[in-house]
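Report on one structure; see the data block that follows.
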Amino acid sequence: MDWNPLLAAARRARTHAYAPYSGYRVAAALLTGDGTVVTGVNVENGLLTLGVCAERQAVGSAIAAGHREFVALVVVTESSPPARPCGLCRQTLVEFVDDLPILCANEQGEQEETRLTELLPAAFRLADARPTPE
Ligand code: THU
């Protein structure tokens with residue numbers, strides 16, 4: 001897996017993160033099935049709970065552009081060790097992929113590779129749920 005194009009795209013996008021309240025800028029870069037790289041950044045709001053994570057922005061942009069197949073994800077922050085996607089973003093990703101290699105990186109050069117199944121084992125899927133009898 002050549003992470004460099006995804007890393008470069010995420011780092012570029014991160015300069016556009018809108019995080020005036022937390023000061024914590026996050027960028028994500030998703031590689032889709034046809035080789036397209038789709039980025040997302042966190043977008044915060046004065047109504048603090050309205051903020052959206054970079055990973056979910058990337059998924060939303062990819063879906064809006066017609067992509068449903070995801071091959072890899074890079075997340076870039078300044079955290080050390082590199083931060084992992086939050087729980088909401090993990091569940092959002094699992095809607096579209098059974099598993100996904102994920103590179104968590106920071107601007108200082110640290111990188112940690114993980115997988116969606118490692119971050120979210122035994123994920124909830126509505127298709128697996130049994131309807132409750134009335
Ligand atoms: N954030 C992300 O963009 N992705 C995550 O996986 C965790 C947190 C953002 C949300 C908020 O704008 C800021 O980081 C602080 O929580």
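Indexing begins at 1, ligand by ligand and atom by atom, following the structure's order.
At the shortest separation from atom 3 (O) of ligand 1 among protein heavy atoms lies Ala54 N, 2.9 Å. Cys53 SG, 3.6 Å is the protein heavy atom nearest to atom 1 (N) of ligand 1. What sits closest to atom 4 (N) of ligand 1 on the protein, heavy atoms only, is Glu55 OE1, 2.8 Å. Protein heavy atom at the shortest distance from atom 12 (O) of ligand 1 is Glu44 OE2, 2.5 Å. For atom 16 (O) of ligand 1, the closest non-hydrogen atom of the protein is Tyr24 CD2, 4.6 Å. Counting only heavy atoms of the protein, atom 9 (C) of ligand 1 lies nearest to Asn42 ND2, 3.6 Å.
No donor-acceptor pair closer than 3.5 Å links the side chain of Arg25 to the backbone N or O of Ala19.
Note: the hydrophobic cluster containing Val75 does not contain Val41 (ILVMFWY, side chain heavy atoms under 4.5 Å, direct or indirect links).
In this structure, Gly51 does not count as a contact residue of ligand 1, since none of its heavy atoms falls inside 4.0 Å of the ligand.
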Derivation of the side chain to side chain contact (heavy atoms under 4.5 Å, CB included) call for Arg68 and Ile63: CA-CA 6 Å; Arg68 291 280 171 92; Ile63 297 298; 3.8 Å; yes

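Under the ring pair (Phe, Tyr, Trp, His ring centres under 6.0 Å) criterion, the residue pairs touching residues 22-73 are Phe70-Phe96, with sequence neighbours excluded.
With Arg56 as the fixed residue, the side chain to side chain contact (heavy atoms under 4.5 Å, CB included) test singles out one of Leu88, Leu93, Val43: Leu88.
For a threshold of 3.5 Å applied to N or O pairs, the pair formed by Cys89 and ligand 1 contains no separation below that value. Checked by distance only, ligand 1 and Val26 stay at 3.5 Å or farther apart across all their nitrogen or oxygen atoms. Between Ser22 and ligand 1, a contact under 3.5 Å exists for no N or O pair.
Side-chain contact between Pro20 and Glu44: present, with at least one pair of heavy atoms (C-beta onward) separated by less than 4.5 Å. With a 4.5 Å cut-off on side-chain heavy atoms, Glu78 and Arg14 count as touching. Inter-residue side-chain proximity for Arg125 and Asp98 is flagged as met; some heavy-atom pair is nearer than 4.5 Å.
Every atom of ligand 1 with a heavy atom of Pro85 under 4.0 Å away is listed here by number and element: 6 (O).
Distances from atom 14 (O) of ligand 1 to the protein include at least one heavy-atom value under 4.0 Å.
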